[in-house]
Amino acid sequence: MAESPTTSGMTRKILVLFLIGLLAYVYQAITPLPPKICGSPGGPPITAPRIKLSDGRHLAYKEQGVPKDEAKYKIVFIHGFDGCRHDVVIASTLSHDVIESLGLYIVSIDRPGYGESDPHPQRTPKSLALDIEELADQLELGSKFYVVGFSMGGQVVWGCLKYIPHRLAGAALLTPVVNYWWPSFPSNLSTKSYYDQLLPDQWTLRVAHYIPWLTYWWNTQKYFPSSSVAAHSPDIFKTQDMQLGPRFDGSQEKYRAQIRQQGEFESLHRDVNIGFGTWEFDPMDLKNPFDKNEGSVHLWQGDEDGLVPVILQRYIAQKLPWIQYHEIKGGGHLFPYADGMGDKLIKTFLLGEKFEV
């Protein structure tokens, strides 16, 4: 029996309504919530000192060590993934004697979207390097300063070496996160390292690299496991990290709520999109910024790091022989939290002392 025009028209209307509802659901699922800007109505309060950047954004910072005008060494520290200005790993095990005797001044920042720094939707590896240069100028750190980056903060140091090398007195990368899609990596090494990750992390990075507009949905959906790193899963840690993990968690306990307070998309998710997206440059193409030995670049990496593949760091050190590479036997991702490590790192970095564990 033929379908009546009335029934046919009703079916089409139902299908149209279904498609509209489906599209609305999809749009809502992939669209991040707007960030809760610090100091805005309904947003978190401003408690940290901040500078206003040339584009109008604010960058929060924290100072420690000797007074700036008395300092011999001025260091800008950049925190890692899911961290903030309080996570200064070199200072966590740095003795007062070393701070005073060397005249150390350390300023750490909240990277954009974290803590109390305004989000930056157009953030790139270059933009944050320029933010750091502007911070140094506004705080009057002088014509040259040192940079130290931990984990994903190490990626920022690569940006500083690329875009503001003339401002650097020295640079240190502490277990810096690598991007598996940097062109200089041999495919056999990067592929093996990529598939050595936990499966949820493989998919998280694949989404961030190839379909970044789905990152928010991937990291908030409940159908499949997403980033084990963002979830602080113990499965990513090996021996030393299992021992140091409670120390790291304890240090964050007082301020953990502040880290993501403006929203996870502009902090965690954008971090992943930038860190594992297509970069404007390949770090392994960089030239030595200190070809007259007026400074140095150091890279530390543990050989039992469950987050950053040691074989890729070894390759970077091979490609960039001007980097002083220090591999820590039995070291994990959290090795800077080991007792006495801050003093050893700083003395090697600034004084050229031999690094020994």
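Note: I99 CD1 to L104 CG = 6.5 Å, rounded to the nearest 0.5 Å. Here the NZ atom belonging to K52 is positioned 11.5 Å from the CD atom belonging to E134, to the nearest 0.5 angstrom. We find the OG-CD1 distance between S117 and I109 to be 6.5 Å, quoted to the nearest 0.5 Å. Between atom OG of residue S101 and atom CG of residue L351 there is a gap of 8.0 Å, rounded to the nearest 0.5 Å. In this structure, CG in L198 is found 6.0 Å from CG in D235, a value given to the nearest 0.5 Å. Rounding to the nearest 0.5 Å gives a distance of 13.5 Å between CD of E133 and OH of Y163.
Between the side chains of E116 and T47, at least one donor N or O sits under 3.5 Å from an acceptor N or O. Using a 3.5 Å distance cut-off with no hydrogens or angles, the side chains of D87 and Q252 do pair a donor with an acceptor. Of the N and O atoms on the side chains of D249 and H232, not one donor lies less than 3.5 Å from an acceptor on the other residue. Looking at Y315 and Q313, their side chains never bring a donor and an acceptor atom within 3.5 Å of each other. For the residue pair D201 / S228, a side-chain donor-acceptor distance below 3.5 Å is found, with atom types taken as modelled. Between the side chains of T348 and E353, not a single donor N or O lies within less than 3.5 Å of an accepting N or O. With no hydrogens or angles considered, no side-chain donor-acceptor pair links T215 and H269 at under 3.5 Å. Side-chain polar atoms of D69 and Y105 form no donor-acceptor pair below 3.5 angstrom.
Note on ring orientation: taking the six-membered ring where Trp is involved, the planes of W279 and W182 are perpendicular (angle over 60°, cut-offs 30° and 60°). Ring geometry for Y180 versus F276: interplanar angle under 30°, hence parallel rather than tilted (30 to 60°).
By the 4.5 Å heavy-atom criterion applied to side chains, Q64 and V88 are counted as neighbours. Residues I37 and P119 have side chains in contact (heavy-atom distance under 4.5 Å, counting atoms from C-beta outward). In this structure, S151 and L174 have side chains that are not in contact, with every pair of non-hydrogen atoms separated by 4.5 Å or more.
Other residues, nucleotides and ligands contribute over 12 non-hydrogen atoms within 6.0 Å of the CH2 atom of W181. Residue K192 places its NZ atom among 12 or fewer non-hydrogen atoms of other residues, nucleotides or ligands, all under 6.0 Å distant.
Across R50, R111, R123, K36, a single residue satisfies salt bridge (Lys or Arg N to Asp or Glu O under 4.0 Å) together with D118, and that is R50.
Not less than 6.0 angstrom separates the ring centroid of F150 from the ring centroid of H79.
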* To do: Show your reasoning for whether salt bridge (charged side-chain N to carboxylate O under 4.0 Å, His left out) applies to R314 and E327.
  => CA-CA 9 Å; R314 289 170 183 163; E327 189 168 304; 2.7 Å; yes
* Start with the C-alpha gap between W218 and Y223, add the side-chain angles, then the distance that decides, and say whether ring pair (Phe, Tyr, Trp, His ring centres under 6.0 Å) holds. => CA-CA 9 Å; W218 177 258; Y223 306 107; over 10 Å; no
* Determine, stepwise, if the pair F355 / F349 fulfils ring pair (Phe, Tyr, Trp, His ring centres under 6.0 Å). => CA-CA 9 Å; F355 181 77; F349 178 39; over 10 Å; no
* Asked: Can D343 and K347 be said to form a salt bridge (charged side-chain N to carboxylate O under 4.0 Å, His left out), step by step?
  -> CA-CA 6 Å; D343 287 0; K347 288 181 178 180; 5.4 Å; no
* Stepwise salt bridge (charged side-chain N to carboxylate O under 4.0 Å, His left out) check, D131 with R57 -> CA-CA 10 Å; D131 286 352; R57 289 181 295 114; 2.8 Å; yes
* Evaluation steps, salt bridge (charged side-chain N to carboxylate O under 4.0 Å, His left out), between D282 and K319 -> CA-CA 12 Å; D282 184 337; K319 289 282 288 183; over 6 Å; no
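Across all their heavy atoms, L320 and L286 have their closest contact at CD2-O, 3.6 Å. Here the closest non-hydrogen pair linking P44 and Q261 is CB-OE1, 3.4 Å.
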